[in-house]
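Every chain is numbered from 1 and lettered A, B, ... according to where its sequence line falls, protein lines coming before strand lines.
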There are 2 protein chains.
Amino acid sequence: MKTEDVVLGILNEKSQTGYDIVEKIKTIFSHFFDGSYGSIYPVLHKLENKGKVTKKIIVQEGKPNKNLYSITESGREEFNKYLRSPVQTEVMKSDFLMRLYHGEYLPEEQIKQIIIEEINRKEQLVEELESQFEVWKEDMSSYQKLCCQIGIESYRSEIEILKKFQGH
Amino acid sequence: MKTEDVVLGILNEKSQTGYDIVEKIKTIFSHFFDGSYGSIYPVLHKLENKGKVTKKIIVQEGKPNKNLYSITESGREEFNKYLRSPVQTEVMKSDFLMRLYHGEYLPEEQIKQIIIEEINRKEQLVEELESQFEVWKEDMSSYQKLCCQIGIESYRSEIEILKKFQGH
DNA sequence: TTGCTCATGTAACCTGTTACATGATTGG
DNA sequence: CCAATCATGTAACAGGTTACATGAGCAA
């Protein structure tokens with residue numbers, strides 16, 4: 001899964017600005033993808049050069065101008081090629097589990113604290129995802145809703161697992 | 001979490017070769033970290049230049065020579081600094097959830113197939129992790145075992161969630 | 001008046017992936 | 001005889017992060 005395909009997928013739904021795309025990634029994609037301005041803006045320029053998207057400048061008053069991007073026919077083809085390509089394995093990077101692995105080199109109190117913090121962090125994430133789901137769900141397809149629900153349930157399971165192992 | 005810290009952590013347990021380090025990462029770290037020869041060998045050279053590890057060449061017959069790396073006092077200090085630094089949030093990249101999100105643009109049969117494949121993939125992963133756990137557990141601390149058990153349970157929960165949502 | 005939201009962008013840096021190169025031994 | 005295991009390494013490429021730059025409006 002390339003960032004280019006992710007951006008094409010978002011623009012395939014509707015025309016949007018780079019700012020909108022990053023917002024969507026940071027909210028409803030947060031549990032399975034990551035992107036920032038530093039990665040999304042360059043990708044949009046690249047896609048424009050390749051003719052996969054077109055840009056329309058929208059002049060605004062009292063606010064900065066917007067670059068509204070739309071997917072082209074060539075972009076749709078590329079996106080469909082992606083959709084039919086083999087699914088890549090999931091990648092997980094967990095600093096939390098790395099700390100836990102080396103737990104014997106830290107005082108027990110500190111490990112307990114790290115576990116508590118991880119539970120809190122995940123409870124925060126599940127709350128955010130749930131509230132974002134409420135915001136977006138009217139405009140979501142059943143598959144998109146499913147995707148959010150899986151995220152919510154995954155976080156909840158993780159929290160349960162950590163609570164179960166809390167206190168050895 | 002930098003790859004340098006991960007390598008120092010592995011060498012903190014005992015002196016090992018680059019090959020051993022990659023093997024460990026590919027087996028018992030597989031559910032929370034990723035690394036390959038192309039990333040680990042350069043990191044070892046870098047750590048050696050910085051004086052965080054030392055290299056001892058072991059001549060073997062019938063096999064290529066080994067470079068056995070050991071952590072230095074300076075390396076231990078660096079690793080302990082890492083252990084006491086703030087825990088970074090987990091990062092997840094899931095091509096599977098990206099496909100599911102765009103499910104409406106694929107025939108229903110294909111989505112069902114993608115879900116089945118993801119369940120199979122995760123069942124494969126949980127089996128591998130369990131068998132690796134059996135191989136390594138004699139030499140593992142209770143925290144290291146906990147780390148594996150969390151991985152196994154996480155995969156199982158994910159499988160349950162997918163099965164629950166299978167067929168909408 | 002402080003900080004947030006909207007809105008775009010880039011340059012320097014760091015890091016990782018892929019593909020290549022080498023080569024003997026061992027197991028099925 | 002073929003594939004896997006052991007064992008190291010690099011060069012070219014691709015990619016992302018961080019920090020910076022700009023700037024108006026608005027709410028507390």
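Taking the six-membered ring where tryptophan is involved, the planes of A:F32 and B:Y101 are tilted, since the angle between them lies from 30° to 60°. The aromatic rings of A:Y105 and A:H102 are tilted relative to each other, their planes meeting at an angle between 30° and 60°. Aromatic ring pairs are classed by plane angle as parallel below 30°, tilted from 30° to 60° and perpendicular above 60°; the pair B:F79 and B:Y82 is tilted.
Distances shown here put a side-chain N or O of A:S36 below 4.0 Å from the OP1 or OP2 atom of D:dT17. One finds a side-chain N or O of A:Y19 lying less than 4.0 angstrom from the OP1 or OP2 phosphate oxygen of C:dC6. Side-chain N/O atoms of B:Q60 include one lying less than 4.0 angstrom from OP1 or OP2 on D:dA7. For A:H45 and C:dT8, the shortest distance from a side-chain N or O to OP1 or OP2 is not below 4.0 Å. Remark: A:Y41 is not in phosphate contact with C:dG9, judged by side-chain N or O atoms under 4.0 Å from OP1 or OP2.
When distances are taken from the side chain of A:P42 to each of C:dT10, D:dT18, D:dT8, the shortest belongs to C:dT10. Listed nucleotides D:dG16, C:dT8, C:dG16 differ in distance to A:T3; the shortest reach to its side chain belongs to D:dG16. Among the nucleotides C:dC6, C:dT10, D:dA7, the one closest to the side chain of A:K63 is C:dC6. Side-chain proximity of A:P64 to the nucleotides D:dT18, C:dT8, D:dG23 is greatest for D:dG23. Side-chain atoms of A:K66 lie closest to C:dA7 of the nucleotides C:dG9, D:dA7, C:dA7. Side-chain proximity of A:K46 to the nucleotides C:dG9, D:dG15, C:dT15 is greatest for D:dG15.
At whole-Å resolution of the value, CD in B:E23 and P in D:dT8 are 12 Å apart. As a whole-Å value, the separation of A:I21 CD1 from C:dA7 P is 13 Å. Rounded to whole Å, the distance from CD on A:E4 to C1' on D:dG16 is 13 Å. Atom pair A:K26:NZ and D:dG16:C1' shows a separation of 12 Å (rounding to whole Å applied). The interatomic distance linking B:I25 (CD1) with C:dG16 (P) rounds to 10 Å, in whole Å. As a whole-Å value, the separation of A:N65 CG from C:dG9 P is 10 Å. Spacing between atom CG of B:D34 and atom P of D:dG16 amounts to 16 Å, rounded to whole angstrom units. The distance from atom CG of B:L68 to atom C1' of D:dA7 is 13 Å, rounded to the nearest whole Å.
Between A:K2 and A:Y37, the one whose closest nucleotide on DNA chain D sits nearer the 5' end is A:K2.
At least one side-chain heavy atom of B:K26 sits under 4.5 Å from a side-chain heavy atom of B:D34.
From A:R99, atom CZ reaches atom CD of A:Q110 across 9.5 Å, with rounding to the nearest 0.5 Å.
Within 4.0 Å (heavy atoms only), A:G38 reaches at least one base atom of the nucleic acid.
With respect to the salt-bridge test (charged N to carboxylate O, under 4.0 angstrom), the residues B:E118 and B:R121 qualify.
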